[in-house]
Amino acid sequence: MIKYEIHGGNELNGEIHISGAKNAAIAIIPAAVLVDGICRIENVPKIKDVTLQLEILCDMGASVRLINEHTIELDCRRLYTTKAPYDLCRKIRASYYLIGSLLGRYKHAEVALPGGCNFGVRPIDQHVKGFETLGATVEIKNGFINADAGNGLVGTNVYLDIVSVGATMNIMLAAVLAEGQTIIENAAKEPHIVDLANFLNSMGASVSGAGTDVIKIKGVKRLSGGTYSIIPDQIEAGTYMAAVAAAGGEVLIKNVIPKHLECITAKLSEMGAETVFFDDAVLVRRHMPLQKANIKTMTYPGFPTDMQPQFTAVLCFAKGASIVTESVWDNRYKYVDELKRMGASITVDGRTAIVDGKGSLNGAPVKACDLRAGAAMVIAGLAADGVTDVEDIYHIERGYEDIVDKLRAVGADIRRVEVPDTEVMREAN
Ligand code: EPU
């Protein structure tokens with residue numbers, strides 16, 4: 001077992017470089033299936049979810065050349081199957097993007113029902129509705145989603161009943177090579193949706209309106225290869241900004257798109273942290289006591305649900321009651337019990353959490369329940385008194401590149417520690 005051991009209390013000072021966006025990369029990699037050529041993709045984050053997406057494609061016959069640490073050349077021209085490997089797909093939510101891209105390119109897809117973080121029910125009815133509206137038949141059988149469009153896909157209007165990031169991107173993927181025009185209405189507007197559209201357009205697609213709630217896709221005959229660089233990760237940047245707010249200090253966060261961080265900086269200023277924007281960097285400093293604040297998660301450009309656990313952790317270090325409202329996921333507060341081990345006083349009622357901030361937390365052994373919950377534990381540990389051990393860190397490493405090294409470089413006392421199996425057994429008994 002590997003855990004993070006954090007000795008809390010150090011201020012953070014220095015610079016952190018942000019990696020490519022996870023949620024863009026894990027859609028752009030399967031999108032390469034649509035491309036009749038080599039895709040050179042730059043700024044690819046070195047994270048487990050990306051490795052898994054590449055493993056899935058290699059298993060199906062794609063070839064990947066590593067050009068340097070963050071650049072790959074991906075060639076999906078010789079896939080020998082439209083059935084994605086069950087065991088790998090189950091491990092990652094974003095394997096569902098293979099349905100859209102395989103269906104778009106080969107008119108057929110068999111992909112295992114996806115895995116990913118557990119926030120309660122995670123339906124994919126809007127994806128299915130989109131594929132069916134374009135002319136596919138979709139059935140779920142033996143743990144696989146089978147999608148077939150024997151007569152081809154034909155562009156049409158798709159109205160999403162719920163604003164869904166995944167459904168918006170999946171329908172875009174299916175529609176790019178369809179006959180005629182597809183219009184997605186009530187589309188999600190997240191930065192990674194714009195990034196996927198830009199990737200597809202750079203390969204020859206005709207997608208317009210990404211970043212608004214109406215996306216138009218004019219079907220083209222073929223996508224050819226090209227080079228594309230993934231945007232910086234909004235949530236990774238926000239996570240380090242939250243860490244500085246909790247631990248104090250002054251950190252320049254480099255390689256960011258400031259526009260994507262506005263909702264996060266607005267909240268940080270309310271909480272007493274200062275931010276200064278540069279062209280592609282943001283300076284975060286916090287020397288004054290933290291203030292309580294209320295947070296409500298929303299789709300972009302609102303406050304991101306993927307920052308909710310990290311900010312709840314920060315609010316434990318403010319004095320007074322803060323109200324956090326989660327409006328995207330049914331059940332994204334599982335980590336609260338872990339924060340309570342550190343002395344947090346938080347009451348959860350449905351989608352609302354009331355954080356009764358005491359100004360401090362105490363180190364404790366805690367678990368990462370999922371990716372962002374794990375990041376929240378790290379933040380709590382950095383600012384807590386004493387030692388925090390974070391277990392189940394595989395969740396964190398699915399989505400954060402070199403988190404330990406990046407934090408150590410700004411003064412955090414955090415180490416990745418291997419715990420001998422005998423010790424784990426003793427604790428379990
Ligand atoms: N929903 C439906 N039906 C659908 C699809 C979604 O009812 O067919 C509901 C969901 O249950 C949820 C809401 O719509 O209540 C939004 O879900 P969405 O489809 O937007 O989420 P997702 O595409 O499954 C992505 C990110 C999540 C992030 C959400 C919201 C990926 C792989 N995942 O999930 O990221 O929380 O968008 O922004 O891109 C993370 O990075 O930690 C993470 C969980």
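Each ligand, and each atom within it, is numbered from 1 in the order the structure gives. Treat the numbers as computed from the prediction; the structure is a model and nothing was measured.
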Query raised in the report: Do Asp148 and His108 have side-chain N/O donor and acceptor atoms under 3.5 Å apart?
Result: yes
Requested in this report: Check ligand 1 against Ile162 and write out every atom of the ligand that is under 4.0 Å from a heavy-atom position of the residue.
Outcome: 2 (C), 7 (O), 9 (C), 14 (O)
Query raised in the report: Within the side chain of Lys296, is there an N or O that forms a donor-acceptor pair under 3.5 Å with the backbone of Phe303?
Result: no
Requested in this report: Decide whether the shortest distance between a heavy atom of Pro123 and an atom of ligand 1 is less than 4.0 Å.
Outcome: yes
Requested in this report: With heavy atoms under 4.0 Å as the rule, classify the contact between Glu326 and ligand 1 as side chain, backbone, both or neither.
Outcome: neither
Report task. Could you tell me whether Ala167 approaches ligand 1 through its side chain, its backbone, both or neither, with non-hydrogen atoms closer than 4.0 Å? Result -> neither
Query - ligand 1 versus Thr305: contacting region, heavy-atom distance under 4.0 Å - result: side chain
Query - Distance filter under 4.0 Å to Arg332 heavy atoms, resulting ligand 1 atoms - result: 36 (O), 42 (O), 44 (C)
Query raised in the report: Will you find, in the side chains of Glu326 and Thr297, an N or O donor that is under 3.5 Å from an N or O acceptor?
Result: yes
Query - Nitrogen or oxygen atoms of Gly166 and ligand 1 under 3.5 Å apart - result: yes
**Report entry** Proximal atoms of ligand 1 relative to His127 (non-hydrogen, under 4.0 Å)
**Finding:** 8 (O)
Report task. Under 4.0 Å, heavy atoms only, figure out whether ligand 1 is touched by the backbone of Tyr300, its side chain, both or neither. Result -> neither
Query - Proximity of Lys22 to ligand 1 by residue part, where a heavy atom lies under 4.0 Å - result: side chain
**Report entry** Heavy-atom side-chain proximity of Tyr400 to Lys22 below 4.5 angstrom
**Finding:** no
**Report entry** Options Val165, Leu371, Asp330, Asp370, ranked by nearest heavy atom to atom 18 (P) of ligand 1, top entry
**Finding:** Val165
Query raised in the report: Does the side chain of Asp370 pick up a donor-acceptor pair with the side chain of His395 at under 3.5 Å?
Result: no
Query raised in the report: Do Arg332 and Thr305 have side-chain atoms, one donor and one acceptor, less than 3.5 Å apart?
Result: yes
Query raised in the report: Among Ile124, Ile26, Ile235, Val328, whose heavy atom sits nearest atom 16 (C) of ligand 1?
Result: Val328
Requested in this report: With heavy atoms of Gln126 as the reference, note each atom of ligand 1 found under 4.0 Å away.
Outcome: 3 (N), 4 (C), 8 (O)
**Report entry** Verdict with supporting geometry, Glu42 and His70, side chain to side chain contact (heavy atoms under 4.5 Å, CB included)
**Finding:** CA-CA 6 Å; Glu42 300 170 349; His70 294 109; over 6 Å; no
Query raised in the report: Does a donor on one side chain and an acceptor on the other come within less than 3.5 Å for Tyr240 and Gln310?
Result: no
Requested in this report: Indicate whether the side chain of Thr312 and that of Tyr335 have a donor and an acceptor atom separated by less than 3.5 Å.
Outcome: yes
Query raised in the report: Is there a donor in the side chain of Asp195 and an acceptor in the side chain of Tyr228, or the other way round, less than 3.5 Å apart?
Result: yes
Query - Atom indices of ligand 1, in the order listed, that fall short of 4.0 Å to a heavy atom of Trp329 - result: 10 (C), 11 (O), 12 (C), 15 (O), 17 (O), 21 (O), 24 (O), 29 (C), 34 (O), 36 (O)
Report summary line: In ligand 1, the atoms that come under 4.0 Å of a heavy atom of Asn23 are 26 (C), 31 (C), 32 (C), 33 (N), 35 (O), 39 (O), 41 (O)
Query raised in the report: Short list, please: which atoms of ligand 1 are under 4.0 Å from a heavy atom of Tyr96?
Result: 22 (P), 23 (O), 24 (O)
Query raised in the report: Do His192 and ligand 1 have an N or O pair less than 3.5 Å apart?
Result: no
**Report entry** Residues forming a salt bridge (charged side-chain N to carboxylate O under 4.0 Å, His left out) with Lys107, sequence neighbours excluded
**Finding:** none
